[in-house]
Amino acid sequence: MQTPTHAPTYLAAQLRLPTNWLDYTILAIYFVVVLGIGFAARRSVKTSLDFFLSGRSLPAWITGLAFISANLAATEILGMAANSAQYGAYTVHWYWIGAIPAMVFLGLVMMPFYYGSKVRSVPEFLLLRFDRGAHLLSSILFAFAAILIAGVNLYALSIVVEALLGWPQWVAIVVAGAFVLAYITLGGLSSAIYNEVLQFFVILAALIPITVLGLKKVGGWGGLTDKLTATHGHNFTTAWGGTGIGSSNPLGANWLTIVLGLGFVLSFGYWTTNFAEVQRALSAKNLSASQRTPLIAAYPKVFFVFLVMIPGLVVAALIPNFGTPGSGYQYNDAIPYLMQELLPNGVLGIAVTGLLAAFMAGMAANVSSFNTVFTNDIWGRYVVRGREDGYYVRFGRLITAIGVVASIGTAFLASSFSNIMAYLQTLFSFFNVPMFVVFIVGMFWKRASARSGFWGLLAGTVTAMVNYFVFYKKGIISIPSDQGANFVSAIAGFVAGAVVMFAVSLFTTPKPAHELQGLVYGTRSPGMAEPPAPGDDAWYRRPALLGWGAIILAAVCYIPFSF
């Protein structure tokens with residue numbers, strides 16, 4: 001999940017990088033390879049299933065890396081480093097509590113329902129479990145959110161490129177949008193996924209040198225913690241210091257709101273219902289591979305926090321007042337500052353390419369999920385029904401272009417917000433959390449009626465928005481920070497959605513039991529009972545073993561940050 005900070009998004013003007021022909025050559029090679037993958041993937045697109053879900057043919061390691069890469073938008077990379085420079089080791093919560101349990105839950109519990117029911121999208125599952133009202137509302141909300149989030153990625157890219165390379169913002173927005181449009185329109189989801197695998201390794205190549213050289217500059221981990229303890233206090237290098245109920249800390253959140261608001265409601269809402277992620281798992285070649293997709297992704301997710309947290313901590317150690325008024329820098333400058341200070345030409349080009357790759361991965365994930373939902377769940381279901389398959393492939397390419405143009409528009413909308421990280425987290429509390437409560441109640445309660453899905457989704461969305469825009473923004477209730485307000489909005493939306501679903505279900509008729517097969521926990525569909533593919537019974541391919549391994553690994557990682 002992307003992480004909110006309280007820092008403005010504009011990077012310091014003095015961070016212009018000393019790029020040369022070598023750096024621009026590396027950047028150009030990357031863009032050529034991206035387009036090449038798009039042209040290569042075009043040959044495999046013959047049906048709408050190929051275009052929107054890669055023909056459900058991809059192996060688990062491909063979809064697993066694409067799953068994590070789609071999440072690694074540079075808004076998260078810059079935001080996590082900024083979060084660490086401002087708050088310290090609290091950043092680990094967004095990974096070990098705010099991601100891993102939900103990713104494991106998605107793989108072990110929810111993917112059998114998604115994949116076994118053969119749906120093409122998350123909203124389509126709501127059509128099967130509830131009714132057309134829940135389906136249409138969720139489709140509209142998701143399509144709207146996807147364009148908003150894609151625009152945030154474009155806008156964030158533009159401010160980074162302007163500060164680091166000197167390109168005007170509008171040029172960066174149009175160029176990046178055009179490249180994403182080209183490779184998704186050409187090869188559909190396969191092109192996006194294979195590019196996301198490439199982008200994953202490019203992002204690693206960008207962050208590893210920054211992390212290693214940064215640690216070396218401050219005398220290793222021991223030197224880093226000593227400096228931070230002296231300048232920021234002991235709690236700065238711990239995960240739970242100062243989070244007792246009634247205690248104050250910069251996050252404006254205690255352990256209860258961290259565990260419930262972030263670890264359960266926001267986290268599960270994002271990872272289990274965000275179609276930009278789930279779509280990667282649905283493109284896997286069989287049920288076992290689809291289950292393993294988020295579980296494979298969980299392992300790099302456990303360790304990725306170090307690549308974004310350590311640079312932020314290093315900057316806080318080098319410049320103790322970094323990000324504060326008068327320092328000349330803002331918290332979002334952490335990664336660019338280290339790029340400027342530590343990286344030689346060539347490596348600098350890789351780092352810039354890594355940031356651009358991260359932005360494009362985040363945007364492509366949202367655009368490819370948008371075109372699937374809009375084409376299949378809105379256009380093909382309610383506007384133009386029953387046309388030949390080729391028509392929907394052509395329309396999918398058209399709506400991709402429209403989605404990119406709309407994203408360019410919402411990129412300029414995002415520029416009106418002083419903090420794009422808080423903006424993203426707010427969007428998640430509005431759109432993902434209400435959808436999650438509808439899913440979780442519908443999956444685990446057979447009595448939940450068809451009409452309860454629509455009203456629960458509507459109540460959850462409206463309640464989250466009212467809490468944020470009315471109670472918090474107008475000062476009716478006192479919440480110390482935007483971060484805390486997002487946690488409270490998420491909890492309020494979840495509770496409201498659940499209560500309304502329960503009330504509506506008591507006064508309306510439940511769906512017949514035979515219509516709930518494979519849609520409610522404890523029931524099975526034929527797709528959920530498919531035999532394992534040859535080799536899928538190996539111990540390292542067992543979803544349960546992979547899932548519990550990720551949970552244990554995340555728990556172990558907490559130990560050195562807990563004291």
Side-chain angles (χ1 to χ4, degrees), residues 11-41 69-70 72-78 81 150 153-187 191-192 194-211 213 307-308 311 332-365 367 404 407-408 411:
L11 300 178
Q14 64 267 33
L15 287 176
R16 186 66 51 82
L17 297 179
T19 49
N20 63 15
W21 65 270
L22 179 59
D23 303 308
Y24 280 104
T25 300
I26 293 172
L27 191 58
I29 291 172
Y30 169 74
F31 279 115
V32 169
V33 172
V34 163
L35 289 181
I37 291 174
F39 278 105
S69 182
L72 294 178
T75 46
E76 169 157 330
I77 293 172
L78 293 181
N153 277 284
L154 264 184
Y155 172 63
L157 178 146
S158 72
I159 61 175
V160 170
V161 170
E162 181 182 39
L164 301 186
L165 303 179
W167 298 4
Q169 283 190 20
W170 72 269
V171 172
I173 288 174
V174 172
V175 169
F179 271 93
V180 171
L181 171 62
Y183 71 74
I184 294 180
T185 303
L186 286 169
S191 179
Y194 282 112
N195 268 303
E196 284 159 2
V197 173
L198 168 67
Q199 286 156 347
F200 174 78
F201 292 105
V202 173
I203 293 166
L204 289 183
L207 291 179
I208 289 174
I210 297 173
T211 304
L213 295 175
L307 296 181
V308 289
N332 285 321
D333 296 338
I335 292 276
Y337 172 81
L338 292 181
M339 289 169 61
Q340 181 193 57
E341 293 293 313
L342 301 176
L343 301 184
N345 290 110
V347 179
L348 187 61
I350 294 174
V352 172
T353 303
L355 279 181
L356 296 186
F359 281 117
M360 291 172 64
M363 181 188 177
V367 170
V404 170
S407 298
I408 292 174

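Positions are given from 1, in the same order as the sequence printed here. Everything numeric in this text was worked out from a predicted model, so none of it was measured.
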Looking at residues at least two apart in the chain, or sitting in another chain, which of them share a side-chain contact (heavy atoms from CB on, under 4.5 Å) with Val175?
Val171, Phe179
Apply the test side-chain contact (heavy atoms from CB on, under 4.5 Å) to residues Ser407 and Val367: give CA-CA distance (whole Å), side-chain angles for both, the deciding distance (0.1 Å), then the verdict.
CA-CA 8 Å; Ser407 298; Val367 170; 4.2 Å; yes
List the residues meeting side-chain contact (heavy atoms from CB on, under 4.5 Å) with Leu307, not counting sequence neighbours, and say none if there are none.
Leu204, Leu207, Ile208, Thr211, Phe304
Would you mind writing out the side-chain donor-acceptor pairs for residues 347-365 within the sub-3.5 Å range, not counting sequence neighbours?
residue	atom	partner	partner atom	Å
Thr353	OG1	Gly349	O	2.7

Listed once per pair and sorted, the salt bridge (Lys or Arg N to Asp or Glu O under 4.0 Å) pairs that draw on residues 336-359, sequence neighbours left out:
none
Is the backbone N or O of Gly346 less than 3.5 Å from a side-chain atom of Asp23, with the two atoms forming a donor-acceptor pair by type?
yes
Close side-chain approach of Leu35 and Phe31, heavy atoms under 4.5 Å
no
If you compare all heavy atoms of Val404 against all heavy atoms of Gly177, which two are closest, and at what distance to 0.1 Å?
CG1-O, 3.4 Å
Heavy atoms of other groups near Tyr24 OH, more than 12 under 6.0 Å
yes
Say you draw a straight line from CG of Leu72 to CD1 of Ile203; how long is it, rounded to the nearest 0.5 Å?
5.0 Å
In Å and rounded to the nearest 0.5 Å, what is the CG to CE distance from Leu213 to Met339?
12.5 Å
Tell me, please, which residues at least two apart from Tyr30 pass side-chain hydrogen bond (donor to acceptor under 3.5 Å, both in side chains).
Gln199
Applying salt bridge (Lys or Arg N to Asp or Glu O under 4.0 Å) as the test, list every pair that has at least one member in residues 194-210; sequence neighbours left out.
Glu196-Arg280
Nearest 0.5 angstrom please: Leu338 CG to Ile335 CD1, how far?
6.5 Å
